[in-house]
Each structure stands twice: as structure tokens, then as C-alpha cells.
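Below is one structure, written out as C-alpha cells; the observations come after it.
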Amino acid sequence: MVLGLFYIIPEEKEGCRLYYSRKKLIDLPEEMTTIWSCTTEKCNGWIRDNFVFLIQPICGQCNSPMVKSEKMLPIIANTSPNQTKH
């Protein structure tokens, strides 16, 4: 995973300068993850299955229905005590 970092360095005569640095921080392990994707063609909304609290979720961006699919994603554990789907 590559993250961009911004640095602001004060200059005496010119104010401040902004520097951008792309540093490779760490490689996170990935796995095929079950997700819900928006059914609307123009919307790119999706959510991991283990973060959904409805049996049939709706898109948080456009309120359209969502369908189950898979995506290669970094491993994240949901430690929320409210993981039951209604």
C-alpha cells in the first residue's frame, strides 16, 4: 500500500512550501472478501459483508439495492459487538 504524505516547511522569505512524498509504508495481507456492491451503474458504492447490519442492504450513497460479490481487499476484523443482521 502506498500512501502519500504532505510536508509543509516554513520558508523565511517565501512563506511556506508544500512537499509531497510517496512512501511505501507496509504491505497489508489481502484475501478474497465478500462485499455488497451497488446495482446502479453510475454508483461505485460497496461495503464489506461483515460490516452490514441488514439482510438486504441499500447503498449509502444513492439508496439503491445492493448485490453480494467478492473483492480482493486487505484483511480487517470487525470487532463490533452488534454484528447480527436484521
Atom of N44, atom of W46 and distance for their closest heavy-atom approach: O-CD1, 3.4 Å
For the student: nearest non-hydrogen atoms of P57 and I55, plus distance: CD-O, 3.6 Å
Side chain to side chain, C38 and C62, heavy atoms closer than 4.5 Å: yes
Measuring from atom [atom1] of [X] to atom [atom2] of [Y], what distance do you get when rounded to the nearest 0.5 angstrom?
| X | Y | atom1 | atom2 | answer |
| --- | --- | --- | --- | --- |
| K71 | T33 | NZ | OG1 | 10.0 Å |
| M66 | C59 | CE | SG | 5.0 Å |
| I47 | L54 | CD1 | CG | 9.5 Å |

Side-chain cluster (under 4.5 Å, hydrophobic types only) that M32 belongs to, other residues: M72
Residues forming a side chain to side chain donor-acceptor pair (under 3.5 Å) with T39, sequence neighbours excluded: none
Heavy atoms from other residues, nucleotides or ligands near CD of E31 exceed 12 (cutoff 6.0 Å): yes
Evaluation steps, side chain to side chain contact (heavy atoms under 4.5 Å, CB included), between R48 and W36: CA-CA 6 Å; R48 292 172 186 258; W36 288 87; over 6 Å; no
Residues forming a side-chain contact (heavy atoms from CB on, under 4.5 Å) with T34, sequence neighbours excluded: D49, K68, E70
